[in-house]
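Notes follow once the structure below has been shown.
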Amino acid sequence: MNCPFEKKFPSQLDRNDEFYMCLAYNKAIEAWKADEVPVGAVIVVEGEIVAAAHNEVESTGDPTAHAEVLAITQASRFLGDHRLNAMTLYVTKEPCPMCAGALIMSRVGRVVFGVPDPKMGFLGGAGDVLKVPTLNHYPVVTSGVLAEECHLLLQAFFSEKRKIKRGG
């Protein structure tokens, strides 16, 4: 499958949420090229990228190989600790229940996501893990960063998949 979207080239001069989300978006493009659901994630600490991943469920046969989980694993290895309090995770789609749980367990300090997911998202979409009153950690959440671009990418991917499945 060919991804119809051009890569975005963020400016190193303005390292804001959009900058890092563009990098996550580029990881999502890599996922598409690998015939994976196009979700990408990067983890940042003090302005430096310490992890970057995209979905690898299909290529690994591992249902836990979501971009967020893979990036958390990379960041934990980088830090040498499972507590990622000072880190921000940027991900193109709202995390699912598994990934939202991984964010809590790893104590990621902040989560920024692109497109909300009303069917499977668990940071306010289908459910909200942050409403569980007994948790020992609650990340700060920002949603909607490059939401339109992230939505269009997912929509185009699944449209292409349906077209291929129908044989056309």
Side-chain angles (χ1 to χ4, degrees), residues 1 3 5 7-8 17 20-45 49-79 81-85 87-132 135 137-147 149-162:
M1 289 175 37
C3 177
F5 296 93
K7 285 192 177 187
K8 294 178 172 274
D17 285 348
Y20 295 110
M21 188 61 75
C22 282
L23 299 177
Y25 180 90
N26 287 341
K27 295 304 288 184
I29 298 261
E30 289 178 26
W32 178 315
K33 290 179 179 179
D35 202 26
E36 298 278 354
V37 173
V39 175
V42 297
I43 296 181
V44 176
V45 63
I49 297 161
V50 297
H54 61 72
N55 279 0
E56 295 184 14
V57 172
E58 299 298 327
S59 62
T60 63
D62 179 356
T64 69
H66 289 200
E68 301 95 309
V69 172
L70 297 172
I72 287 168
T73 300
Q74 290 175 19
S76 295
R77 285 189 186 132
F78 172 84
L79 187 61
D81 193 351
H82 67 277
R83 294 173 196 89
L84 307 180
N85 300 72
M87 298 192 181
T88 299
L89 172 103
Y90 293 86
V91 61
T92 55
K93 187 185 79 55
E94 180 180 356
C96 71
M98 175 185 68
C99 294
L103 294 167
I104 302 301
M105 297 307 293
S106 62
R107 296 182 174 100
V108 169
R110 182 170 179 241
V111 179
V112 179
F113 67 84
V115 64
D117 184 352
K119 292 182 181 178
M120 286 295 291
F122 238 65
L123 292 178
D128 193 345
V129 71
L130 302 179
K131 290 187 177 177
V132 175
L135 297 179
H137 175 74
Y138 297 89
V140 174
V141 176
T142 303
S143 64
V145 177
L146 298 184
E149 292 87 341
C150 295
H151 173 75
L152 290 172
L153 182 65
L154 285 162
Q155 189 176 48
F157 176 81
F158 286 112
S159 175
E160 183 71 20
K161 283 288 193 188
R162 284 188 296 275

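Just so we're clear, the structure is a prediction, and the values are computed from it rather than from any experiment.
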Main chain of C99, side chain of H66: is a donor-acceptor contact present, judged purely on distance under 3.5 Å? no
Go through the steps for E36 and S59 under the test side-chain hydrogen bond (donor to acceptor under 3.5 Å, both in side chains), then give the verdict. CA-CA 8 Å; E36 298 278 354; S59 62; 3.1 Å; yes
Can a donor-acceptor pair be found, under 3.5 Å and without considering hydrogens, that links the side chain of Y138 to the backbone of V132? yes
Kindly write out the residues that satisfy side-chain contact (heavy atoms from CB on, under 4.5 Å) with A71, not counting sequence neighbours, or none if the list is empty. A41, I43, A51, A53, L89
Judged by atom type as modelled, is there a donor-acceptor pair below 3.5 Å linking the side chain of Q74 to the main-chain atoms of A52? yes
The reported gap from OG1 in T73 to NE2 in H82 (rounded to nearest 0.5 angstrom) is 13.0 Å
Applying ring pair (Phe, Tyr, Trp, His ring centres under 6.0 Å) to Y90 and not counting sequence neighbours gives Y20
Look only at the side chain of E94 and the backbone of G124, and say whether a donor-acceptor pair between them is shorter than 3.5 Å. yes
Ion pair K119/D117, N-O distance below 4.0 Å: no
Does atom CE of M105 have more than 12 heavy-atom neighbours, drawn from other residues, nucleotides or ligands, at distances under 6.0 Å? no
Of V129, V69, L103, the residue whose pairing with P95 passes side-chain contact (heavy atoms from CB on, under 4.5 Å): L103
Could you check R83 against S106 for side-chain hydrogen bond (donor to acceptor under 3.5 Å, both in side chains), going step by step and ending with a plain yes or no? CA-CA 5 Å; R83 294 173 196 89; S106 62; over 6 Å; no
With rounding to the nearest 0.5 Å, note down the distance linking CD in E56 to CD in E30. 10.0 Å
